[in-house]
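A short write-up of the structure that comes next.
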Amino acid sequence: MHRWSKLFIPTLREAPSDAEVASHKFLLRAGYVRQLGAGIYSYLFLGQRSIQKITAIVREEMDRIGQEFLLPALLPADLWQQSGRWTTMGQNMFRLQDRKGADLCLGMTHEEVMTDIARKELRSYKQLPQIWYQIQTKFRDEPRPKAGLLRVRQFLMKDSYSFDIDQDGLDRSYNLHDAAYCAIFTRCGLEFVAVEADSGAMGGSQSQEFMVYTEAGEDLIASNVETGYAANIEKATSRLAPIDDLQPTGDGQPELVHTPGVAAIADVAAFFGILPAQDIKCVAYMAEVRDAAGKSAWKPVAAFLRGDHSVNETKLLGTVQGVELRTMNGDELAQWLQGPAGYLGPVGLAAAKTITDAGLLVVVDSALEGRRNLVCGANKLDYHFRNVCPGRDFDWTALADIRNANEGEDAPNAPEGVAAPLRIGKAVEIGHIFKLGYRYAEALGARVLDQNGKEKMPIMGCYGIGIERILTAAIEQSATRGTDPNGPWLPRSIAPFEVVVTITNVRDEALLAAGEHLANQLEAAGFDVLLDDRDERAGVKFKDADLVGIPLRINVGKKVADGFVEVVDRATGTTQDVALDAVAAHVSAL
RNA sequence: CGGGGCGUAGCGCAGCCUGGUAGCGCAUCUGCUUUGGGAGCAGAGGGCCGGGGGUUCGAAUCCCUCCGCCCCGACCA
């Protein structure tokens, strides 16, 4: 039995000024954590209890599909040099040297170590599949730690790794994780969505992120509940409503129009009396590309989109197979597009044949495909073209989806004619499952014998869950709902205690006895109970109980004389009188 | 790494511009009263004003420098 009077729960009346996001303020004010440095936190009693609730759930679900290991956090450089990541990890890796001068790093992820075990121990396909997981502290020298526990330099991660003999096996391991993750996040009380993620340049074949919508999040995602569509904005598409094309003027061929001072999309639309969607917008970039040898070069890229659309730079980067983008400066615009910003257009440009060729890469967004009689810049100050038809009047290096999907557009998988508006919002990533492929098995030389006695590389998957992010997301979620003026509370499954029994006046022997008895009863019934036996005024105890986010409170007060206590349910904001001997049953039913 | 802000008691802040050796609220401790939503009165303790250097008779205050933290951006297997 935990008695508040004996515990260290340093609640704060006011949040330290460093804290901005709701979860950060909560964690500090409720006495869950204290900060030691940028992105470095100590977990106090309540925080640690919550973390343990979370890891217990994670463990329980993971044990159904895999085996728990505990790998070192201190890792020799050698392994990372073998995988090639000693150099590619760059600044995000904490590095150190031992007394002999040997290089080491602090683990930020454990593909290398797991694969090292696999290569040394796994010999036969008969040993596969394997799913190995751990719950370990990870270290990442984040350029900018922020938002309390949301982005930190030291954090807990459940990471697992699967080894299979073939793609089918990997698919199964991946699906097992998918299901386990859904079970974990559901049990943790989170409203989450699994989104298609950009698997990056590493060539992973499939990847899903588990996200929780919250303003504190750092990613943008698009989803629609009805169709089940969900994707990171870097990957999201949408079905566009049809746009009426303009009727051609004159002979129907591109016609040069004098448009003095008309540069912005809105001005062009107004000048021609058209919709922005009937205009072509140009955004010009320089893209850094690297060849196989790792040599880098900057190539010019002109991106063309519907006037009312915006470029998704991740998509564009993927299309041109580049590593970095920056917008063109004036000189570069003059050199490659012969026109000033505001008057850029695709007509008459010498587009490279393929993205690997030299010269200007012209990338046209798929939404322009098949459109007719559009307006665009003429690459000449104060002039535009009308009657421009993609394909007839200009060519391109690549036609691809490079635009951002917008809020309210229909999900791409919605049946024709069915409205399925996308919800687009910020979200925090709480988990990620990823089909890795052969990258690490290859680099580190892991091999097993298959049914035919031939050496084969095991195919891998890796899967992560941010433990603290579950806590953070749950708090943000509760704060966002904003239904309780007394602040956020935690889902019962991950709250440090399920119930707090508040004795309104401990100097009243009868109340004290009743509270103690009730707390013991509830504990015997299997609940996690905190007994507030402090000699404080009732108001203080109510405020504290709410502040620390315990989802249920039982007030032991005057009504005890009649055999009743009050049960306050934070989730519904309701207070009910319940007979003393019926409390356990009542709480179970909630 | 670029831009901005901040650092004064445990927390929130004022004082700095215009130099004279530190103050308010909350919290803490003692006593009395109070006891269902952060009580009242009386009293008390607590600060190397982030560090170092400089200017000055004198620096929280002005100047230089370093450190730390927060926010925006860049970055983020």
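Reminder, nothing fancy here: chain letters follow the sequence lines and each chain counts from 1.
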Would you mind reading off the distance between [X] atom [atom1] and [N] atom [atom2], rounded to a whole angstrom?
X        : N     : atom1 : atom2 : answer
A/Trp86  : B/A77 : CH2   : C1'   : 16 Å
A/Arg534 : B/G37 : CZ    : C1'   : 13 Å
A/Asp544 : B/A39 : CG    : C1'   : 15 Å
A/Asp535 : B/U33 : CG    : P     : 14 Å
A/Glu429 : B/A77 : CD    : C1'   : 10 Å
A/Asp141 : B/C1  : CG    : P     : 11 Å
A/Asn486 : B/G36 : CG    : P     : 17 Å
A/Arg553 : B/G38 : CZ    : P     : 12 Å

* Asked: After noting the C-alpha distance and the side-chain angles of A/Arg553 and A/Asp569, does the key distance pass the salt bridge (Lys or Arg N to Asp or Glu O under 4.0 Å) rule?
  -> CA-CA 7 Å; A/Arg553 186 176 79 232; A/Asp569 184 353; over 6 Å; no

With sequence neighbours excluded, tell me which residues meet side-chain contact (heavy atoms from CB on, under 4.5 Å) with [X].
X        : answer
A/Ala427 : A/Met211, A/Ile221
A/Ala446 : A/Thr115, A/Arg119, A/Ala441, A/Pro458
A/Gln130 : A/Gln67, A/Leu122, A/Leu128, A/Trp132, A/Phe163
A/Ser310 : A/Asn404

* To do: Would you indicate which nucleotide in B/G38, B/A39, B/A77 comes nearest to any side-chain atom of A/Arg85?
  => B/A77

* Which listed nucleotide (B/G38, B/G37, B/A77) is nearest to the side chain of A/Phe542? -> B/G37

Show which side-chain atoms of residues 4-11 of chain A pair as donor or acceptor with protein atoms under 3.5 Å away, not counting sequence neighbours.
from: A/Ser5; atom 1: OG; to: A/Asp533; atom 2: OD1; distance (Å): 3.0
from: A/Ser5; atom 1: OG; to: A/Asp533; atom 2: OD2; distance (Å): 2.9
from: A/Thr11; atom 1: OG1; to: A/Asp544; atom 2: OD1; distance (Å): 3.0

Contacts under 3.5 Å, N or O only, protein and nucleotides 72-75 of chain B:
from: B/C72; atom 1: OP2; to: A/Arg144; atom 2: NH1; distance (Å): 3.1
from: B/C72; atom 1: OP2; to: A/Arg144; atom 2: NH2; distance (Å): 2.6

Partner nucleotide, any strand, of [N] [Watson-Crick/G-U, under 3.5 Å]:
N     : answer
B/C41 : B/G31
B/U56 : none
B/G23 : B/C13
B/C69 : B/G5
B/C49 : none
B/U18 : none

Checking all strands, does [X] fall into the base, sugar-phosphate, or nothing category for heavy-atom contacts under 4.0 angstrom?
X        : answer
A/Met93  : nothing
A/Gly464 : nothing
A/Arg34  : nothing

* Between protein and nucleotides 5-14 of chain B, map the contacts as a letter string: B base, S sugar-phosphate only, - none, heavy atoms under 4.0 Å, written 5' to 3'. => ------BSS-

What's the gap between [N] and [M] when it is taken at their [atom1] atoms, as a whole Å value?
N     : M     : atom1 : result
B/U8  : B/G25 : C1'   : 15 Å
B/C16 : B/G23 : C1'   : 14 Å
B/C62 : B/C49 : C1'   : 16 Å
B/U34 : B/G51 : C1'   : 47 Å
B/C72 : B/U65 : C1'   : 26 Å
B/A77 : B/G3  : C1'   : 29 Å
B/G12 : B/G7  : P     : 11 Å
B/C1  : B/A9  : P     : 29 Å

* **Donor-acceptor pair under 3.5 Å, A/Glu536 side chain vs B/G36 base** =>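 Side chain to base: no pair present.
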
Listed pairs under 3.5 Å, donor-acceptor, residues 103-111 of chain A side chains, sequence neighbours left out:
from: A/Asp103; atom 1: OD1; to: A/Gln97; atom 2: NE2; distance (Å): 3.1
from: A/Thr109; atom 1: OG1; to: A/Glu111; atom 2: OE1; distance (Å): 2.5
from: A/Thr109; atom 1: OG1; to: A/Glu111; atom 2: OE2; distance (Å): 3.4
from: A/His110; atom 1: ND1; to: A/Gln134; atom 2: NE2; distance (Å): 3.3
from: A/His110; atom 1: ND1; to: A/Lys138; atom 2: NZ; distance (Å): 2.5
from: A/His110; atom 1: NE2; to: A/Pro72; atom 2: O; distance (Å): 2.8
from: A/Glu111; atom 1: OE1; to: A/Arg85; atom 2: NH2; distance (Å): 2.8

What side-chain donor-acceptor pairs closer than 3.5 Å can you find for residues 461-474 of chain A, not counting sequence neighbours?
from: A/Tyr463; atom 1: OH; to: A/Ser162; atom 2: OG; distance (Å): 2.7
from: A/Glu468; atom 1: OE1; to: A/Leu156; atom 2: N; distance (Å): 2.9
from: A/Glu468; atom 1: OE2; to: A/Tyr43; atom 2: OH; distance (Å): 2.5
from: A/Glu468; atom 1: OE2; to: A/Leu156; atom 2: N; distance (Å): 2.9
from: A/Arg469; atom 1: NE; to: A/Leu150; atom 2: O; distance (Å): 3.0
from: A/Arg469; atom 1: NH1; to: A/Glu429; atom 2: O; distance (Å): 3.0
from: A/Arg469; atom 1: NH2; to: A/Leu150; atom 2: O; distance (Å): 3.0
from: A/Thr472; atom 1: OG1; to: A/Glu468; atom 2: O; distance (Å): 2.7

* **Those residues that, when tested against A/Tyr32, pass ring pair (Phe, Tyr, Trp, His ring centres under 6.0 Å) (two or more places apart)** => A/Phe26

* To do: Report yes or no: is the cationic atom of A/Arg95 (NZ for Lys, CZ for Arg) under 6.0 Å from the centre of the six-membered ring of A/Trp80, at an angle within 45° of the ring normal?
  =>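 No cation-pi geometry.
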
* **Most 5' of A/Glu111 and A/Val21 on RNA chain B, judged by nearest nucleotide** =>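 So the residue in question is A/Val21.
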
* RNA chain B: 5'-proximal contact among A/Tyr41 and A/Gly539 (nearest heavy atom) ->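 Per heavy-atom nearest nucleotide, the more 5' residue is A/Gly539.
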
* Gap separating the CD1 atom of A/Ile503 from the CG atom of A/Leu512, nearest 0.5 angstrom ->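 Spacing of CD1 (A/Ile503) from CG (A/Leu512) equals 5.0 Å.
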
* Using a strict cut-off of less than 4.0 Å between a Lys/Arg side-chain nitrogen and an Asp/Glu carboxylate oxygen, indicate whether A/Glu516 and A/Arg3 qualify as a salt bridge. =>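 The answer is yes: the pair qualifies as a salt bridge.
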
* Presence of salt bridge, A/Arg172 and A/Asp164, under 4.0 angstrom -> no

* Tell me, please, which residues at least two apart from A/Arg144 pass side-chain hydrogen bond (donor to acceptor under 3.5 Å, both in side chains). =>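 Counting only residues at least two positions away or on another chain, A/Arg144 forms no side-chain hydrogen bond (donor to acceptor under 3.5 Å, both in side chains).
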
* To do: State whether A/Gln35 places a side-chain N or O below 4.0 Å from either non-bridging phosphate oxygen (OP1 or OP2) of B/G68.
  =>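 Checking B/G68 against A/Gln35, no side-chain N or O comes under 4.0 Å of OP1 or OP2.
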
* Asked: Among residues 498-520 of chain A, which residues get a heavy atom nearer than 4.0 Å to RNA chain B?
  ->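 Those residues are A/Thr504, A/Asn505, A/Arg507.
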
